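Letters A, B, ... mirror the listed sequences (proteins, then strands); counts begin at 1. Model, not experiment: these values are computed from the prediction.
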Amino acid sequence: MTGLWQSLVGKMMPSPGGIDCAEVMAQLYEYIDGELDDEKIERIRGHLEKCQRCYPRYNFEAAFLRFLKQQGRTKAPPELQRKIFKAILEEESRG
Amino acid sequence: MSRQPASKREHFEREALVHLDTLYNVALRLTGNASDAEDLVQDTVTKAYRSWDKYEPGTNCRAWLVTILRNTFINQFRRESRRPSKVEFEAVQEINVFEAIKDRDPEGTFFRFIVDEEVKRAIQDLPEEFRLPVVLSDVEGLSYAEIAEILDLPVGTVKSRLFRGRRRLQQRLYDYALEMGYIRS
Ligand SMILES: [Zn+2]
């Protein structure tokens, strides 16, 4: 009885984008990382636009990854660059 | 008038040395200090130059270089890289930071208050299994397939280590932000 009711509700209110929340959550990082095919991307994007449960989570994870990208990197010291160019020149002259 | 064909060195400088920052960053995360990182990068670049004929033009030079760097690291710093972090990573309980914070700071604005040095420390403290996938993906922007190639692991394993590494890192930064009062508890 409950199963029948759920399947009826399911038909009346299909998951946004034709994909359910659990599936979106499972693939959230792959979605943000650009690792999915176009069709999957479209479905997840469609879901996120309409789903009030998944969108905030997506927003948070995307903010976290943007933050990491901005913060985590260091430039190679100029002294190391000089040493390396010099080492390669020496390698070259050695033949 | 025909142009002089680029020498091996010129070609190497143009194709490979543009990735010096990547090599340095990965080396820094692997060794944990600037002086070892510089040595590791120098050894890597010299090796790469010597085996430059083995590099296939048009393929992924950055992944090729990072692979050499990683192998060099494993050979030279073997003892450190065999730290028994496996046990440690089963023991830590992973919480879901978003669930913990969604009523207070759903946009994750607290991240912006965390200083650069703390982020670097937090990445450095991840067990190596997680640290490299996180650095290669989230700092250097490599794809899962590139990381799998470099680490010689199946893509599925890369994914699960990356995701767990991110959760760990998030949790650590969240704890720090709580401690510093960037999030009201
Ligand atoms: Zn949803």
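Note on B:Phe111, B:Tyr49, B:Phe12: by heavy-atom pairs under 4.5 Å with chain A, the leading option is B:Phe111. When each of A:Ala87, A:Pro77, A:Ala63, A:Gly34 is scored by its heavy-atom pairs under 4.5 Å with chain B, the top score falls to A:Pro77. Options B:Ile123, B:Val135, B:Leu169 differ in how many heavy-atom pairs under 4.5 Å they form with chain A, and the most are formed by B:Leu169. When each of B:Lys120, B:Glu107, B:Arg112 is scored by its heavy-atom pairs under 4.5 Å with chain A, the top score falls to B:Lys120.
Ring centers of B:Phe110 and B:Tyr182: at least 6.0 Å apart, outside the cut-off.
Residue contact with chain A, scored on non-hydrogen atoms closer than 4.5 Å, involves the backbone and the side chain of B:Leu20 alike. Contacts of B:Leu23 with chain A are absent, with no heavy-atom separation under 4.5 Å from either backbone or side chain. Both the backbone and the side chain of A:Glu30 come within contact range of chain B, each with at least one heavy atom under 4.5 Å from a heavy atom of that chain. Of the two parts of A:Glu90, neither the backbone nor the side chain holds a non-hydrogen atom closer than 4.5 Å to a non-hydrogen atom of chain B. The parts of B:Val45 that come within reach of chain A are both its backbone and its side chain, each placing non-hydrogen atoms under 4.5 angstrom from that chain. For B:Thr109, no part sits under 4.5 Å from any heavy atom of chain A, backbone or side chain. Only the side chain of A:Glu35 comes within contact range of chain B, with at least one heavy atom under 4.5 Å from a heavy atom of that chain. Residue contact with chain A, scored on non-hydrogen atoms closer than 4.5 Å, involves the side chain of B:Asn25 exclusively. Looking at B:Arg50, the atoms closer than 4.5 Å to chain A (heavy atoms on both sides) all sit in the side chain, from C-beta outward. Interface remark: B:Lys102 contributes no atoms to any contact with chain A (heavy atom separation under 4.5 Å). Contacts between A:Phe67 and chain B at a heavy-atom distance below 4.5 Å involve the side chain alone, from C-beta outward.
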Pair B:Ser137, B:Arg166 - check side-chain hydrogen bond (donor to acceptor under 3.5 Å, both in side chains), show working. CA-CA 10 Å; B:Ser137 170; B:Arg166 283 174 178 176; 3.3 Å; yes
Can B:Arg9 and A:Glu92 be said to form a salt bridge (charged side-chain N to carboxylate O under 4.0 Å, His left out), step by step? CA-CA 7 Å; B:Arg9 180 181 54 82; A:Glu92 186 188 40; 2.7 Å; yes
Test salt bridge (charged side-chain N to carboxylate O under 4.0 Å, His left out) applied to A:Glu61 and A:Arg57, step by step: CA-CA 6 Å; A:Glu61 296 295 342; A:Arg57 176 70 189 273; 3.1 Å; yes
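In this structure the side chain of B:Val158 never reaches within 4.5 angstrom of the side chain of B:Leu136, judged on heavy atoms.
A:Arg45 has no carboxylate O lying under 4.0 Å from a charged side-chain N of A:Glu49, or vice versa, which leaves the two without a salt bridge. Ion pairing between a basic and an acidic side chain is recognised when a charged N comes within 4.0 Å of a carboxylate O; B:Lys159 and A:Asp33 show no such pairing.
Other residues, nucleotides and ligands place no more than 12 heavy atoms under 6.0 Å from the CD atom of B:Glu56.
Using cut-offs of 30° and 60° for the angle between ring planes, the B:Trp52 and B:Tyr55 rings count as parallel.
Taken to the nearest 0.5 Å, the CD atom of B:Glu128 stands 6.0 Å off from the CG atom of B:Leu30.
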